**Student:** 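Structure below; questions to follow.
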Amino acid sequence: MESFAKLISSLASLAWPIFFSILSFIFYEPLKKIIESARGRRFTIKVAGHELTMEEVSEQQRIILSDLQQKVAEIEKKSMPQPN
């Protein structure tokens, strides 16, 4: 009976690596495509019928940073003492 318990324990410790290996084999091609597209910044995410590419994200970030820099410059101009 003790050897059966050890066998079950051994099989349980192998379950996660086997499970991960099976998932890796099943999802190899989709994961490979995601990694390759991310390298070229051609990464696309589709959620609920909407699609967003890395180029769009980069452009949105550039616009947001540009707007933020303009606002900071305006605040600095207003806060500086005016020469008399």
Side-chain angles (χ1 to χ4, degrees):
M1 191 64 157
E2 187 178 319
S3 62
F4 182 71
K6 287 182 181 180
L7 177 66
I8 295 296
S9 176
S10 299
L11 291 176
S13 66
L14 289 175
W16 283 110
I18 291 171
F19 180 71
F20 182 75
S21 298
I22 291 170
L23 284 180
S24 298
F25 180 74
I26 291 171
F27 293 110
Y28 175 75
E29 283 301 319
L31 290 173
K32 182 180 173 185
K33 289 179 183 177
I34 289 172
I35 292 170
E36 287 175 359
S37 67
R39 284 185 187 153
R41 293 196 164 250
R42 294 182 316 260
F43 193 79
T44 302
I45 298 174
K46 295 180 185 178
V47 177
H50 299 286
E51 186 173 330
L52 186 63
T53 64
M54 283 300 287
E55 290 88 10
E56 292 170 336
V57 171
S58 296
E59 181 63 21
Q60 288 176 2
Q61 287 178 343
R62 187 192 65 74
I63 290 170
I64 290 169
L65 285 174
S66 176
D67 290 344
L68 184 60
Q69 288 173 342
Q70 288 176 347
K71 289 177 183 178
V72 169
E74 289 174 12
I75 291 171
E76 285 179 346
K77 282 182 184 179
K78 290 179 183 178
S79 68
M80 290 201 158
Q82 299 293 327
N84 290 334

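Remember, predicted model here, so these are calculated numbers, not experimental data.
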**Student:** Out of curiosity, Asp67 CG to Gln69 CD, how far, rounded to the nearest 0.5 Å?
**Tutor:**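 Atom-to-atom, Asp67:CG and Gln69:CD are 9.5 Å apart.
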**Student:** Same cluster or not: are Leu23 and Ile18 linked, directly or through other Ile, Leu, Val, Met, Phe, Trp or Tyr residues, by side-chain heavy atoms under 4.5 angstrom apart?
**Tutor:** yes
**Student:** Considering non-hydrogen atoms only, spot the tightest contact between Glu51 and Glu56 and give its length.
**Tutor:**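 That closest heavy-atom pairing would be O-OE1, 3.7 Å.
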**Student:** Please determine whether a side-chain nitrogen of the Lys or Arg among Arg62 and Glu59 lies less than 4.0 Å from a carboxylate oxygen of the Asp or Glu.
**Tutor:** yes
**Student:** Starting from Phe19, can I reach Ile26 by hopping between I/L/V/M/F/W/Y residues whose side chains sit under 4.5 Å apart?
**Tutor:**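 Same hydrophobic cluster.
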**Student:** Should Leu7 and Trp16 be counted in the same cluster of Ile, Leu, Val, Met, Phe, Trp and Tyr side chains packed under 4.5 Å apart?
**Tutor:**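 Not linked; separate clusters.
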**Student:** I'd like to know if Glu2 pairs up with Lys6 as an ion pair, taking the criterion as any Lys NZ or Arg NE/NH1/NH2 lying under 4.0 Å from an Asp or Glu carboxylate oxygen.
**Tutor:** yes
